[in-house]
> 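Here it is, the structure in full.
Sequence lines set the chain letters: A, B, ... in the order given, protein chains first and strands last, and positions in each chain run from 1.
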2 protein chains.
Amino acid sequence: MRKTRDSYSIADLAKEFDVTPRAIRFYEDKGLITPERDGLRRIYSPRDRVRLMLILRGKRLGFSLKEIQEIIDLYDAEPTGEAQYMKLIESCRKSRESLRQQLEDIQVTLGEIDAVESQCQKLLDETRAHGQKVG
Amino acid sequence: MRKTRDSYSIADLAKEFDVTPRAIRFYEDKGLITPERDGLRRIYSPRDRVRLMLILRGKRLGFSLKEIQEIIDLYDAEPTGEAQYMKLIESCRKSRESLRQQLEDIQVTLGEIDAVESQCQKLLDETRAHGQKVG
DNA sequence: GCGCCAATTTACGTTTACGTCAAAACCCTG
DNA sequence: CAGGGTTTTGACGTAAACGTAAATTGGCGC
């Protein structure tokens with residue numbers, strides 16, 4: 001009884017993450033995933049599975065596949081010189097910048113939603129109170 | 001010297017928020033903004049300006065214009081009965097749910113980026129140290 | 001060997017969110 | 001009132017991210 005299998009079919013991943021095989025193949029087309037092959041069949045490794053998870057998380061954050069590509073590349077980049085390291089660090093800095101902006105946007109929005117909801121709840125309570133007396 | 005003007009041209013807003021007039025008109029097409037008119041010319045009120053800000057924030061968060069529409073509608077909804085209130089509160093709950101997911105995604109990603117960067121920084125330092133001795 | 005089902009390739013279709021002209025109207029200025 | 005800048009309304013184009021349909025291929029179960 002193993003929890004992490006060592007290979008998956010496209011249907012396995014499609015079902016697990018609730019996306020279509022077409023979408024997964026599309027990500028491969030764009031170079032985001034490169035599964036092994038058994039003849040024609042695609043064989044996905046646990047590593048491929050993680051990449052798919054990263055892709056989908058990127059999508060939830062509203063990034064384009066190209067942006068997701070860049071972020072994922074950060075993870076398994078093997079810098080081959082000082083210049084490469086600098087570029088990598090710079091990429092990290094940029095990504096963080098964008099993410100921080102999003103973080104702020106979300107917190108602000110969450111605050112506003114909360115305000116709307118509590119105001120709404122308050123008015124609802126009032127309406128009900130009056131409703132009781134009137135009706 | 002007033003800071004908040006009481007009307008703006010489309011070019012004013014386009015410049016302020018760094019979007020094209022075309023985009024702003026497009027949002028109007030989709031019902032996200034409804035500026036006044038002076039003949040043909042569109043006249044944007046401070047309220048319209050705020051709506052545009054909300055739209056752009058929604059875009060930064062990766063929402064579609066349709067989703068943004070729904071969120072914005074929360075702000076100036078004038079519920080006209082108990083059922084309306086309930087629906088509004090439900091909408092708030094959904095939005096919060098989605099935003100919390102995003103918040104989590106962002107925090108995780110930020111953590112990972114930080115890890116990548118610090119690891120990178122460390123390797124860079126080592127490379128430099130060795131480089132000094134060797135070269 | 002044959003039917004069946006899953007997976008693949010190819011290719012065209014679709015939706016979203018604008019970009020990019022083009023042509024006409026408006027407005028101010030000299 | 002001619003010229004120049006701004007704005008408007010079409011209308012067509014486009015990039016991204018798949019959807020969808022059709023034709024093929026590849027095991028498997030009997």
> Are any of the side-chain heavy atoms of B/Ser9 and B/Arg41 separated by less than 4.5 Å?
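With C-beta onward as the side chain, the pair stays apart.
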> With a cut-off of 3.5 Å and sequence neighbours excluded, list every side-chain donor-acceptor pair involving residues 62-72 of chain A.
from    : atom 1 : to      : atom 2 : distance (Å)
A/Ser64 : OG     : A/Lys66 : N      : 3.4
A/Ser64 : OG     : A/Glu67 : N      : 3.2
A/Ser64 : OG     : A/Glu67 : OE1    : 3.4
A/Glu67 : OE1    : A/Ser64 : N      : 2.8
A/Gln69 : NE2    : A/Lys30 : O      : 3.4

> Could you pull out all residues at least two apart from B/Ser7 that satisfy side chain to side chain contact (heavy atoms under 4.5 Å, CB included)?
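For B/Ser7 the side chain to side chain contact (heavy atoms under 4.5 Å, CB included) partners, ignoring immediate neighbours, are B/Ile43.
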> For a quick test of reading the model: is some side-chain N or O of A/Ser9 closer than 4.0 Å to OP1 or OP2 of C/dA6?
no
> In B/S/- notation, 5' to 3', how is nucleotides 11-20 of chain D contacted by protein heavy atoms closer than 4.0 Å?
B----SBBBB
> In chain order, what residues pass the side chain to side chain contact (heavy atoms under 4.5 Å, CB included) check against B/Asp29, with sequence neighbours excluded?
none
> Measure the distance from CD on B/Glu28 to C1' on C/dA17 and round it to the nearest whole Å.
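Computing the B/Glu28:CD to C/dA17:C1' distance gives 16 Å.
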> Can you list, by residue number, the residues of residues 33-45 of chain A that have a non-hydrogen atom closer than 4.0 angstrom to DNA chain D?
none
> What residues form a side chain to side chain donor-acceptor pair (under 3.5 Å) with B/Arg22, not counting sequence neighbours?
none
> B/Arg25: which residues meet the side chain to side chain contact (heavy atoms under 4.5 Å, CB included) condition with it, sequence neighbours left out?
B/Ile10, B/Pro21, B/Arg42
> Identify, with sequence neighbours excluded, every residue that meets side chain to side chain contact (heavy atoms under 4.5 Å, CB included) alongside A/Thr34.
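If we apply the side chain to side chain contact (heavy atoms under 4.5 Å, CB included) test to A/Thr34, skipping adjacent residues, there are no hits.
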> Stems in DNA chain C: runs of 3 or more consecutive Watson-Crick or G-U pairs, distances under 3.5 Å?
C:1-30 with D:1-30
> If a pair satisfies salt bridge (Lys or Arg N to Asp or Glu O under 4.0 Å) and one of its residues is in residues 100-111 of chain A, list it, with sequence neighbours excluded.
A/Asp105-B/Arg60
> Which donor-acceptor pairs under 3.5 Å do side chains of residues 82-94 of chain A form with protein atoms, sequence neighbours excluded?
from    : atom 1 : to       : atom 2 : distance (Å)
A/Glu82 : OE2    : B/Arg128 : NE     : 2.9
A/Glu82 : OE2    : B/Arg128 : NH2    : 3.1
A/Glu90 : OE1    : A/Arg93  : NE     : 3.4
A/Glu90 : OE2    : A/Arg93  : NH2    : 3.2
A/Ser91 : OG     : A/Lys87  : O      : 3.0

> Can you run down the salt bridge (Lys or Arg N to Asp or Glu O under 4.0 Å) pairs that involve residues 110-120 of chain B, sequence neighbours left out, and say none if there aren't any?
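The answer is A/Arg57-B/Glu112, A/Arg96-B/Asp114, A/Arg96-B/Glu117.
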